[in-house]
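The next block holds one structure in the form of structure tokens; read it before the comments.
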Amino acid sequence: MEFDFKKIEEKWQKAWNKEKAARAVTDPSRPKYYVLEMFPYPSGRIHMGHVRNYTIGDVIARYKTMQGFNVLHPMGFDAFGQPAENAAIKNNSDPEDWTLQCIDWMKKEMFRMGYSYDWEREVSTCLSDYYKWNQWIFLKMLEKGLAYRKASSVNWCPSCLTTLANEEVVQGGCWRCHTPVVDKELEQWYLKITDYSERLLEDLDILKNWPVRVLAMQKNWIGKSTGVEIYFKLEDGRTLPVFTTRQDTIFGATYVVLAPEHPVVKELIRNKPQEKEVSSFIEKVAHESRQVREAADVKKEGCFTGSYCLNPVTKEKIPVWVADYVLMGYGTGAIMAVPTHDQRDFLFAKEHGLPMRVVIQPKGVTLSADAMESAFEEEGVLVNSNAFNGVGNEEAKEKIAQWMEESRIGKKTIHWRLRDWLISRQRYWGTPIPVIYCDTCGVVGVSEKDLPVRLPEKVKITGEGGSPLNHVKNFVETKCPKCGKKARRETDTMATFIDSSWYFLRFCSPDEDQAPFKKEDVKYWMPVDQYIGGIEHAVLHLLYSRFFTKFLKDIGMLDFKEPFDRLLTQGMVLKDGEVMSKSKGNIVDPDGLLKEYGADTLRLFILFAAPPEAELDWSDTGMDGAWRFLSRVWRLVETCQEKKVTALASESAGLKNVRRKMHETVKKITCDMDGGFKFNTAISAVMELVNELYKLSSEEQGHPIALEAVQATVCLLAPFTPHVCEEMWQRLGSKESVFKSHWPTFSEKELQEDAAIYVIQVNGKVRSKIIVKLDADDEEVKRLVLSDVKTQEWIKGAVVKKILIVPKKLVSIVV
RNA sequence: GCCGAAGUGGCGGAAUGGCAUACGCGGCGGUCUCAAAAACCGUUAGGUUCACGCCUGUGUGGGUUCGACUCCCACCUUCGGCACCA
């Protein structure tokens, strides 16, 4: 008999909704658990990635609820952003209408998946009661000097017609549309995330329960280099600072290279024979696209400026070159070149016949500059380095840095890869930046009492570029909050990553209207105990959220350093080994599967097929397997109902076995859940228990022990497949929800077996097995092993050197 | 190049240093049926043997150990991130 999943799922979805089963209330007398999935952009439809993400979260929420925690499991929508604008252009509609419609659709699909969200806490970032607080936080940053305006070369997406943050440029392209990004000179708003570089890096150490690869990616992105800024004297007496992490090689610096954009280049070449050549080289580089310029495999080009400078330690006159492999955007835009100990310098020096000198010798070999085929970049001992000869190069780094500071030829410096966060977007559908430009007072923040600066409605979006708000006269024209004179509003909107940088705090008190959140609510619920989302946010959203949290702590709003205690990055859902995409036409639609199999089967399969953080290759037959399993459990429950527990037959071996297996299963699953949410093995353990129950005779299946095991099965499975378990729980005679029952417990005593199977190894190979009563001592075990016929054959005619006994497991004989 | 992760049956994947391949999918055989589907039962790493068995097997090569998928060393491959970062 199969179960009617459609009826059952509808029934319980309605019931849970009616009784607000997932309502969370701040209650400091109870232990809390905050589980959060990265909220979605409301595209209107949920895809397999969403299903996986939210199913993982829902299992955790339901599991923790059954364990007695006060669980906060909210959901909302990251509702600002470009797709709504694009849809509006395409359909000639309004981004707001479109977005709200999509949210509605998505909620319905989430509802049908049986997700236990506290919908009373729903948050949509496009609503003014939310984005008001984006503006409030921005103003706080403005006040602290962390929000500032700067004219600079920025990343520009020619397709989206807006600027992008560094984090939004992926392999030279726009993170949304992959169009190659170009440089543009613009004055824009930035957030000074670089003020937090050190803390963002250091506090990664606190995050013990984050995946190592996310930690590694953040560390890479922040990119700390510790070194020295060394002062080289130019011929005209001016100082040229150069940044290096290899100050130990300074005695081997035989020339200096400037980035083509370096401001001193023009002055160096003035009236020199090289002027023309260098100018045309600079011109050429300026016209190269970023992709070409930054590709690592292209040949390094450059030319001599005709000018020299002084190596501050050797006092040698060394040539100054210009080359495209030196970037203006890092360090000082100038490097000291040590061709013997840096591969790039080596190739460049060989190409242009520049001098080379070995200053680090490896152990055992003697390097000579002429014979080298590549730079020597490993550890060694200093040579040709005056007072530092004979010092190990790692030690020399510190000593030379010290000496340079003392003799004022350099200064210990740290450089970061992380750049300030560009947040201005030339788009409509986002939070207005709450700033006013006054001819008299300059840049003035909107007063707090005037928040929110509302996004004007019914704005025409043409998609032709420029901030749409620029054309909204009654928005732009305003009065200066300081002097009252006529002034203009900022018309750019904020990057949408601002919206998601603090939404987890808003969930703690979504209705608060005096502040972004209530301190006492946040104190109780935060930090998020378990955060779940895709690896694509390893840097972007997770770095920004960490930054916001640290800032809010600094202004006294929070008392913790990191927002997310544990992070689980779920793997992607693939089809035939490939990413699902519209262009490939290989999308598996959850909607169809919901209709065919129901939510429980879909949830079960997606959790069972692979560990949550691994990639999951979609399989239709796997869905059949999940369905088959649920039907098997269903039939067990039906049998229990029919039998009504009559026969109190004596405990058969099968029943004893079932009881032990039940305790084992409870232990195994509890361990799997607590030890990192290993859902796939947890589910396989329930399958094993069910298999044991199926081995019982039909008489045995009516025994209380069997019934107890069936009840445990339903409980253990409930977080995974909530609807059918709730129904089965009711059919087994309970009036309360299965989620109000306690998570099953196990007893170590029940796990005990009467006898243990000993594996017998001879010289490391398994040769036999014997069953030994538990109370047997080592001598007894030894005697039994040696009297085992099979074992005797393997040790016949040999001298037994050693017998090792691992209690209850194994005997190892060495002959 | 640097950083990180991972290599186990036909497939997805299990294994605190102790029976490698749990659980599931697929395959094969059977029960039921007029038949099929569903369901249920059995079987399923490779080689070898009539058979009991035996041998070989966790990317490759070494090492530690009574015993290694697991620990150590070297290497290969795949995937992901960063990438002319000085």
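Quick note on labels: first sequence line is chain A, next is B, and so on, each numbered from 1.
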Report task. Indicate whether any N or O donor in one side chain lies under 3.5 Å from an N or O acceptor in the other, for A:N657 and A:E692. Result -> yes
Report summary line: Winner on side-chain proximity to A:F243, out of B:C40, B:G24, B:A86, is B:A86
Query - Stem list, RNA chain B (Watson-Crick or G-U pairing under 3.5 Å, at least 3 consecutive pairs) - result: B:1-7 with B:76-82, B:10-12 with B:23-25, B:26-31 with B:39-44, B:45-48 with B:53-56, B:59-63 with B:71-75
Query raised in the report: For residues A:Y694 and A:Q701, is any side-chain donor paired with an opposing acceptor at under 3.5 Å?
Result: no
Query raised in the report: Ring centres of A:W618 and A:F605 under 6.0 Å apart?
Result: yes
**Report entry** Integer-rounded Å distance: B:C82 C1' and A:W416 CH2
**Finding:** 17 Å
Report task. Send over the distance from A:K790 NZ to B:G53 P, rounded to a whole Å. Result -> 6 Å
Query raised in the report: Looking only at atom C1', what distance separates B:A38 and B:C32, rounded to whole Å?
Result: 11 Å
Query raised in the report: Heavy atoms under 4.0 Å, any strand shown: does A:N691 hit a base, just sugar-phosphate, or nothing?
Result: sugar-phosphate
Query raised in the report: On a whole-Å scale, what distance lies between the P atoms belonging to B:U16 and B:A6?
Result: 15 Å
Requested in this report: Could you tell me whether the side chains of A:D183 and A:N155 share a donor-acceptor contact shorter than 3.5 Å?
Outcome: no
Requested in this report: Assign A:G223 to base, sugar-phosphate, or nothing according to its heavy-atom contacts below 4.0 angstrom with the strands shown.
Outcome: nothing
Query raised in the report: Within 45° of the ring axis of A:W221 and under 6.0 Å from its six-membered ring centre, is that where the NZ or CZ of A:R417 lies?
Result: yes
Report summary line: Per nearest nucleotide of RNA chain B, the residue lying toward the 5' end, A:I335 or A:S684, is A:S684
Query raised in the report: B:A74 and B:U70: how far apart are their P atoms, nearest whole angstrom?
Result: 16 Å
Requested in this report: Could you tell me the separation between the CD atom of A:E664 and the C1' atom of B:C23, rounded to a whole number of Å?
Outcome: 15 Å
**Report entry** Length of the line joining A:E168:CD and B:C82:P, which is rounded to integer Å
**Finding:** 14 Å
Requested in this report: Please test A:F348 against A:Y325 for ring-ring contact (aromatic ring centres under 6.0 Å, His included), starting from the C-alpha separation and ending with a verdict.
Outcome: CA-CA 9 Å; A:F348 195 79; A:Y325 76 98; 5.2 Å; yes
**Report entry** C1' atoms of B:G13 and B:A22, separation to the nearest Å
**Finding:** 10 Å
Report task. For A:W794, answer base if it contacts any base atom (sugar-phosphate contacts may also be present), sugar-phosphate if it contacts only those atoms, and nothing otherwise; contact means non-hydrogen atoms under 4.0 Å. Result -> sugar-phosphate
Requested in this report: Would you mind reading off the distance between A:D624 atom CG and B:A37 atom P, rounded to a whole angstrom?
Outcome: 14 Å
**Report entry** Letter per nucleotide, 5' to 3', of nucleotides 1-11 of chain B [B base touched, S only sugar-phosphate touched, - untouched; heavy atoms, 4.0 Å]
**Finding:** --SSS------
Query raised in the report: For A:R767, which contact category applies under a 4.0 Å heavy-atom criterion: base, sugar-phosphate, or nothing?
Result: sugar-phosphate
Query raised in the report: Crowded around A:K350 NZ? As in, over 12 foreign heavy atoms under 6.0 Å?
Result: yes
**Report entry** Integer-rounded Å distance: B:C82 P and A:L543 CG
**Finding:** 13 Å
Query raised in the report: Distance between the P atoms of B:A20 and B:C54, in whole angstroms?
Result: 12 Å
Requested in this report: Name the nucleic acid region contacted by A:P211, choosing base, sugar-phosphate or nothing; use a 4.0 angstrom heavy-atom cut-off, strictly under.
Outcome: nothing
Query raised in the report: What's the closest nucleotide to the A:K769 side chain, out of B:A86, B:G81, B:C19?
Result: B:C19
Report task. Give the nucleotide from the list B:C23, B:C82, B:C25 with an atom nearest to the side chain of A:E688. Result -> B:C23
Report summary line: Of the candidates B:A14, B:C41, B:C84, the side chain of A:R632 sits closest to B:C41
Requested in this report: Please state the C1' separation for the pair B:C11 and B:C66 - nearest whole angstrom.
Outcome: 37 Å
**Report entry** OP1 or OP2 of B:A86 under 4.0 Å from side-chain N/O of A:S225
**Finding:** yes
Query raised in the report: If you count the non-hydrogen atoms of other residues, nucleotides and ligands that lie under 6.0 Å from CG in A:L804, is the total more than 12?
Result: yes
Report task. State which of B:A86, B:G12, B:A39 makes the closest approach to the side chain of A:F608. Result -> B:G12
Report summary line: Of the listed B:A86, B:G12, B:C82, the closest approach to the A:W221 side chain comes from B:C82
Query raised in the report: Is the phosphate of B:A83, meaning OP1 or OP2, less than 4.0 Å from a side-chain N or O of A:R417?
Result: yes
Query raised in the report: What string of B, S and - do you get for nucleotides 65-76 of chain B, 5' to 3', when a contact is any protein heavy atom under 4.0 Å?
Result: -BS---------
Requested in this report: Could you work out the separation of B:G59 and B:C79 based on their C1' atoms and round it to a whole Å?
Outcome: 15 Å
Query raised in the report: Sub-3.5 Å donor-acceptor pair from the side chain of A:Y255 to the main-chain atoms of A:D345, do we have one?
Result: yes
**Report entry** A:I230 versus A:P312, closest heavy-atom pair with distance
**Finding:** CG2-CG, 3.7 Å
Requested in this report: Please assess A:F281 against A:W321 for the test ring-ring contact (aromatic ring centres under 6.0 Å, His included), listing each intermediate value before the final yes or no.
Outcome: CA-CA 12 Å; A:F281 173 70; A:W321 282 62; 9.8 Å; no
Requested in this report: When you get a sec, tell me which of B:C41, B:A86, B:G13 is the closest nucleotide to the side chain of A:A610?
Outcome: B:G13
Query raised in the report: Looking at the side chain of A:Y330, which of B:C23, B:A86, B:C82 is the nearest nucleotide?
Result: B:A86
Requested in this report: Using a cut-off of 6.0 Å, state whether more than 12 heavy atoms not belonging to A:K412 lie near its atom NZ.
Outcome: yes
Query raised in the report: Is the backbone N or O of A:V338 less than 3.5 Å from a side-chain atom of A:T249, with the two atoms forming a donor-acceptor pair by type?
Result: no
Query raised in the report: When only distance counts, do a donor and an acceptor, one from the side chain of A:K809 and one from the base of B:U16, lie under 3.5 Å apart?
Result: yes
Report task. For A:K678 and B:C23, give me the distance from atom NZ to atom C1', rounded to whole Å. Result -> 15 Å
Query raised in the report: Within the structure shown, what part of the strands sits under 4.0 Å from A:E615 by heavy-atom distance: base, sugar-phosphate, or nothing?
Result: sugar-phosphate
Query raised in the report: Do A:W416 and A:Y330 have their ring centres less than 6.0 Å from each other?
Result: no
Query raised in the report: Which label fits B:G9, syn or anti, where anti is any glycosidic angle not within 90° of 0?
Result: syn
Report task. Measure the distance from CE on A:M217 to C1' on B:A83 and round it to the nearest whole Å. Result -> 14 Å
Query raised in the report: Would you say a side-chain N or O of A:N680 is under 4.0 Å from OP1 or OP2 of B:A22?
Result: no
Query - Between A:T244 and A:Q247: side-chain donor-acceptor atoms closer than 3.5 Å - result: no
Query raised in the report: Distance between the C1' atoms of B:C25 and B:C34, in whole angstroms?
Result: 32 Å
